[in-house]
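Heads up: the structure comes next, in structure tokens.
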Amino acid sequence: MKLDRMIGILSILLQRDMVTAPYLAEQFEVSRRTINRDIDALCRAGIPIYTRQGTGGGISIMEGYRMERTLLTSRELQDILAGLRSLDSINGTNRYGQLMEKLSTGSSDFMTGNQSVLIDLSSWYKNSLAPKIETIREGIDCGIQVEFRYYAPKGESRRRIEPYYLIFRWSSWYIWGWCSSRKEFRLFKLNRMEEVHLNGETFEKREAPMPDLSNERIFPGGIQVKALFEPECKWRLVEEFGVNCFQEQVDGRLLFQADYTDRENLLTWLMSFQDKVKLLEPEEIRREIRNRIENMRKNYQ
């Protein structure tokens, strides 16, 4: 937490003319000696901090540095705090909230109604995701391999990876790492991972390329879909694909066209609309839907 504390100290110094070491020690719940070490570290990092002993003395940023106090504006700090709050929404703790309070010291704008951006990254799977994220972060920070059982469309497998990045995208969490069995960097979805643990084996970090997170890479498409939806489905089409995914017909029905990626996901998605959709193309998916409906009918005879 040293870096978090130093950021908090710097934030306070940027907002106030002078503070005392006992005040900072109380704010961050550490000793005066620890605060003095943090101040020395900030000075070595190039921040011109001035200390004055005696009555009326304290710690401040040197006068010639005053113009740099606009380094972080109120809006920018609010964005930082919104991001920190979102991290608490993942793991259900108040660890980052406590840091927010320290960062906001000396500025009443930050923790009041002026906060206009609220980010909640939690999900239905928060109870299972939080420990996975903590384990993976420890593996990344300490350079320790992560092992887990992985559930993929082609079956289950045990994986051992060198973790490099935790990624939140497409409303899901992923880990990017070097897979020992595939001998390449791979992307794994956390919701498909179980029995996640550190195996205790350290590794020397490789030159890790950034993962290709483009929609074309993850969702390559290939299934040209054309379907007619009933008007009451409009809200859902807009939510999931946007307003340009359909053309409203004379009878009010919605002609939907899209390039879909996964056959099984397409079938599941279409059938979730029950009798409110009629698939026009492709024909092989139409046949598959008919077969599934027939099998379902047999189950309820």
Side-chain angles (χ1 to χ4, degrees), residues 121 123-125 128-129 132 148-159 161 165-177 179 181-194 209-300:
L121 300 180
S123 73
W124 293 108
Y125 309 100
S128 62
L129 274 176
K132 293 177 187 177
F148 52 91
R149 181 185 297 277
Y150 196 64
Y151 297 86
K154 295 183 179 179
E156 304 174 26
S157 60
R158 301 288 309 185
R159 298 297 183 98
I161 68 169
Y165 297 106
L166 264 171
I167 302 164
F168 181 79
R169 190 154 190 209
W170 318 299
S171 303
S172 297
W173 283 94
Y174 299 81
I175 180 175
W176 175 253
C179 178
S181 59
R182 300 293 188 268
K183 304 301 180 185
E184 64 179 357
F185 283 94
R186 300 292 288 265
L187 196 66
F188 300 93
K189 193 172 186 176
L190 265 63
N191 276 350
R192 295 182 183 175
M193 297 166 55
E194 287 298 333
M210 294 296 291
D212 184 357
L213 301 178
S214 64
N215 289 341
E216 293 77 12
R217 169 67 176 83
I218 304 301
F219 305 118
I223 304 176
Q224 302 296 322
V225 178
K226 183 182 290 187
L228 275 173
F229 287 84
E230 295 298 321
E232 55 263 41
C233 301
K234 181 184 290 187
W235 67 271
R236 187 170 162 188
L237 295 178
V238 170
E239 177 181 327
E240 298 180 14
F241 288 90
V243 294
N244 296 319
C245 71
F246 60 83
Q247 293 178 333
E248 194 162 348
Q249 305 299 291
V250 176
D251 60 2
R253 290 190 296 174
L254 312 170
L255 179 60
F256 169 86
Q257 297 186 77
D259 186 15
Y260 222 86
T261 299
D262 186 271
R263 177 189 181 94
E264 188 60 36
N265 284 344
L266 172 59
L267 285 163
T268 302
W269 181 71
L270 287 170
M271 296 186 71
S272 70
F273 288 90
Q274 302 179 49
D275 60 345
K276 304 300 181 185
V277 60
K278 179 181 179 181
L279 179 66
L280 304 178
E281 297 176 6
E283 179 58 35
E284 61 269 23
I285 302 294
R286 283 170 54 87
R287 288 195 298 269
E288 180 67 22
I289 289 177
R290 285 197 296 267
N291 292 337
R292 294 197 178 196
I293 292 174
E294 179 61 23
N295 290 334
M296 290 172 63
R297 188 186 65 81
K298 291 178 182 178
N299 286 339
Y300 289 95

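Here, residue 1 is the first one in the sequence, and each next residue gets the next number. Just so it is clear, the model here is predicted, and its values are computed rather than measured.
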Mind checking side chain to side chain donor-acceptor pair (under 3.5 Å) for [X] and listing every partner two or more places apart, or none if nothing turns up?
X    : value
D251 : R253
S157 : R159
E184 : R186
K189 : none

Inset, instruction - Keeping the roles fixed (side chain from T268, backbone from N265), state whether a donor-acceptor pair exists under 3.5 Å. - result: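 Checking the backbone N and O of N265 against the side chain of T268, no donor-acceptor pair under 3.5 Å is found.
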Inset, instruction - Give me the ring orientation class for Y260 and F241: parallel if the planes are under 30° apart, tilted from 30 to 60°, perpendicular past 60°. - result: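 Rings of Y260 and F241: tilted, 30 to 60°.
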Between atom [atom1] of [X] and atom [atom2] of [Y], what is the distance when rounded to the nearest 0.5 Å?
X    : Y    : atom1 : atom2 : value
L237 : F256 : CG    : CZ    : 6.5 Å
K278 : I289 : NZ    : CD1   : 12.0 Å
F148 : R158 : CZ    : CZ    : 9.0 Å

Inset, instruction - Mark yes when over 12 heavy atoms from residues, nucleotides or ligands other than N244 sit less than 6.0 Å from its CG; otherwise mark no. - result: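 Counting neighbours around CG of N244, 12 or fewer heavy atoms of other residues, nucleotides or ligands fall under 6.0 Å, so no.
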Heavy atoms, side chains only, cut-off 4.5 Å: are [X] and [Y] in contact?
X    : Y    : value
I175 : M193 : yes
F246 : V238 : yes
W269 : E240 : yes

Inset, instruction - Grab the two heavy atoms, one from P209 and one from F185, that are nearest each other, plus how far apart they are. - result: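 Reported closest heavy-atom pair: CD-CE1, 3.5 Å.
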Legend entry - Closest contact, heavy atoms only, R149 versus Y151: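 Result for this residue pair: CD-OH, 3.0 Å.
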Legend entry - Lys/Arg-Asp/Glu bridge criterion (N-O < 4.0 Å) met for E281, R286: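 Salt bridge flag = no for R286 with E281.
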Inset, instruction - Identify whether the distance between the nearest side-chain nitrogen and carboxylate oxygen of R287 and E294 falls below 4.0 Å. - result: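 A salt bridge is absent here (no side-chain N lies under 4.0 Å from a carboxylate O).
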Inset, instruction - Just jot down the side-chain contact (heavy atoms from CB on, under 4.5 Å) partners of R263, sequence neighbours excluded, or say none. - result: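 Partners of R263 by the side-chain contact (heavy atoms from CB on, under 4.5 Å) criterion, ordered by chain and then number, come out as I223, L267, E284, I285, E288.
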With a cut-off of 3.5 Å and sequence neighbours excluded, list every side-chain donor-acceptor pair involving residues 224-233.
residue, atom, partner, partner atom, Å
Q224, NE2, D259, OD1, 3.3
E232, OE2, K276, NZ, 3.3

